[in-house]
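Proteins come first, then strands; the chains are lettered A, B, ... in the order of their sequence lines, and each starts at number 1.
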Amino acid sequence: MCPAENSAAAPADGPTDAPVSRDSGTTPAPAAGAPGWPLWEVFVRSNRGLSHVHAGSLHAPDATMALRNARDLYTRRNEGVSIWVVPSDAIAASDPDAKGSFFESPQGKDYRHATYYTKSEGVKHL
Amino acid sequence: MPELMGDDAGQAYFDAVIARDSRVEPTDWMPPEYRHALIRQMSQHAHSEIIGMQPEANWITRAPSLKRKAILMAKVQDEAGHGLYLYSATETLGITRDAMMAQLLAGKARYSSIFNYPAVTWADMGAIGWMVDGAAITNQVPLCRASYGPYARAMVRICKEESFHQRQGFEILLELSHGTPAQKAMAQDAVNRWYGPSLMMFGPPDADSPNSSQSMAWNIKRFGNDELRSRFVGMLVEQARVLELELPDPDVRLNPETGKWEHGPLDWAEFKDVLAGRGPCNAQRMERRRAAHDGGAWVREAAAAYAAKQAARAGKEAA
Amino acid sequence: MTTPQKHRNPTPFAQGDSAASATRITPGNALRPEDIALAAAEGTAHPAPEVAEYALRLGDDALVLAQRLGQWISRGPELEEDVALGNIGLDQLGHARSFLSYAGAAWGKTEDDLAYFRRESEFRSAHLFEQPNGDFAATMARQFIAASWQYPLYRELSSSSDPMLAAIAAKAVKEVDYHLDHSTQWLLRLAGGTDESRRRMAAGLDLMWPFVGELFEDDPLTAQLGDAAVVPSSLKAEFDRTTGAVLAEAGLAVPAHPMATGGGRRGRHSEHLGYLLAEMQVLAREFPGASW
């Protein structure tokens with residue numbers, strides 16, 4: 001039903017949806033509710049031979065139930081053959097401030113890619 | 001970028017992300033109004049899924065065939081799942097699900113008004129699937145491109161799963177329409193009752209919808225209420241023909257000049273009434289949710305207590 | 001018996017890990033109630049009359065339980081649990097449809113003829129499944145007993161001499177395995193959680209335990225079926241071991257109530273079934289012969 005983004009938006013981007021543990025300056029500090037079950041991030045392997053991919057999150061009292069809830073919630077349509085659950089607060093993420101510098105180094109290092117080597121173009125099996 | 005570099009730099013980075021139609025992610029700096037608007041819209045969306053389970057759950061035990069019973073159970077279950085995806089996505093904005101649930105139960109958060117209408121016949125299962133889910137999908141497909149990443153990703157999953165919801169509703173009406181005269185009358189009656197409310201699901205006309213333009217500027221909403229409503233009416237007209245059912249609106253027409261579908265006047269006074277809590281089922285829907293939430297408190301507490309005991313035991317053994 | 005229609009899953013290996021996705025969905029590949037109904041309509045599935053009677057029992061158990069679980073949806077103690085109970089209910093409903101479609105083939109009836117147009121005394125469900133949901137602990141007690149019985153039953157039935165019963169059971173046993181795990185997890189948590197949850201879990205077990213006995217009663221039909229069916233009493237020792245181990249871990253005693261007189265297999269039911277059927281059948285009976 002969402003032809004525009006079916007493949008592009010497949011959540012292959014890891015646990016970036018984990019809630020901000022540190023209150024960013026603009027968070028309106030919502031009224032806290034009663035402490036409920038902790039939040040877990042769910043990773044699903046869709047088939048043998050493939051990686052586990054972040055599917056979403058859920059609440060569960062412990063790891064045992066988190067796995068079962070993940071099975072019930074995220075594999076109702078044969079999405080998976082294996083599941084990982086990770087407590088959301090156990091995920092360490094790269095610093096959002098560092099988007100510029102942390103990931104700058106690989107930019108411009110074309111020689112890491114096959115396309116850099118143009119003289120061998122047209123040579124078979126290379 | 002730099003949430004710690006001060007609001008000006010943050011704002012500039014945010015504006016650039018929006019301008020190139022990229023995605024905002026949870027750890028990015030974002031204007032407080034953007035965060036507020038998302039929390040409001042996404043939690044309202046999640047609440048709608050959860051409250052929206054009720055009119056259909058009302059018919060699971062009476063579904064007239066075992067096949068329909070299975071389909072309806074799977075559909076209502078999907079709605080619980082969709083509520084969960086959306087609550088999770090909203091939690092990335094720094095609000096807990098418990099807090100959102102508390103807002104709902106305190107009457108401080110809204111859900112889609114359509115669910116304050118009663119589902120009184122089996123044909124309502126058809127009309128809800130065809131028209132209410134149809135309107136919801138029309139709304140949701142563009143949300144798969146919403147600027148907030150977690151929201152867009154949740155919508156992709158939801159849209160994939162919902163593709164069967166509208167079709168099963170259409171099929172229910174098709175069976176009724178081609179059934180006995182009494183079944184056909186039941187189908188027509190349901191279409192008559194759900195037509196207006198489903199059109200009003202897109203929200204007030206753009207001129208009366210103050211949040212709409214800001215939401216579009218932020219790439220949360222992609223199209224105006226009237227544009228989506230017009231598209232939806234156009235789809236209904238064609239599909240009603242296949243169903244051999246009438247839309248209860250003599251003014252529906254394709255405007256040859258604009259190329260847009262137009263509809264007759266909608267009862268916005270009723271819309272406001274239902275929104276203000278004076279719909280047929282507002283109190284009933286809230287009561288059911290409260291009963292489930294409060295009635296389940298001892299279960300949630302028990303599981304949390306058990307987890308704490310197990311963790312303490314594991315800690316002791318490790319020590 | 002026809003070969004179930006195959007759904008071919010696309011193989012993602014050729015695409016390497018770039019095919020990894022958490023939203024790739026498929027209908028899967030399993031024996032469906034529709035396949036059995038088709039086989040019945042084509043005349044390729046024809047159970048012996050006593051096999052049909054037996055399938056009716058198992059189908060009615062599952063149908064009544066599915067109806068009970070359907071009552072939970074939108075009322076669960078947490079949204080995740082709404083989804084879980086929905087899955088279990090859908091599994092049971094699937095088993096019911098398979099067994100009833102197969103049973104109906106003996107009498108020229110469909111699953112819906114059997115579900116919606118039989119009288120209460122013509123149902124063959126055991127009393128356990130008819131018990132009202134009560135609170136979440138009572139429901140979990142009922143689920144725990146039901147799954148502790150259905151799991152070994154379907155496991156044994158999957159080598160039935162009747163190929164269709166064997167096929168239905170082979171599909172069902174994997175699903176019921178999870179039901180047993182789910183109810184076991186909850187039994188442990190409720191028993192070991194708070195004082196209130198422990199009290200409620202014990203009360204739920206007390207409420208449901210009297211209906212254990214009926215499940216293991218042999219009768220002339222099960223004796224007559226030989227290798228096609230599972231002799232109910234043969235499952236009792238394993239049931240006692242499974243449930244005993246979980247209750248011991250939970251620190252709860254096996255309820256010592258006397259067993260209730262059953263009779264469900266002969267059409268003698270609890271007071272509850274009539275209401276359940278009235279609700280389930282009301283619409284179908286208002287429009288007899290209608291298509292939905």
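Remark: B:R110 CZ is loosely packed, at most 12 non-hydrogen atoms of other residues, nucleotides or ligands lying under 6.0 Å away. The environment of A:K109 atom NZ is dense: over 12 non-hydrogen atoms of other residues, nucleotides or ligands sit within 6.0 angstrom.
Here the closest heavy-atom approach between residue B:A304 and residue A:W37 is recorded as N-NE1, 4.0 Å. When all heavy atoms of A:P61 and B:A307 are compared, the closest pair comes out as O-CB, 3.2 Å.
No side-chain heavy atom of A:D62 sits under 4.5 Å from any side-chain heavy atom of B:Q310.
The contact between B:Y306 and chain A is made entirely by side chain atoms (from C-beta outward), counting heavy-atom distances below 4.5 Å. For chain A, the nearby part of B:F164 is the side chain; its heavy atoms alone come within less than 4.5 Å.
For residues 69-79 of chain A, a heavy-atom distance under 4.5 Å to chain B picks out A:L73, A:Y74, A:R76, A:R77, A:E79, given by residue number. Contacts between residues 71-78 of chain B and chain A, defined by a heavy-atom separation under 4.5 Å, are made by B:Q77, B:D78.
In this structure, the side chain of B:S88 engages the main chain of A:S57 through a donor-acceptor pair within 3.5 Å.
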Checklist entry - Passes side chain to side chain contact (heavy atoms under 4.5 Å, CB included), A:H59 versus B:E91? Steps please. => result CA-CA 11 Å; A:H59 289 266; B:E91 284 186 83; 2.7 Å; yes
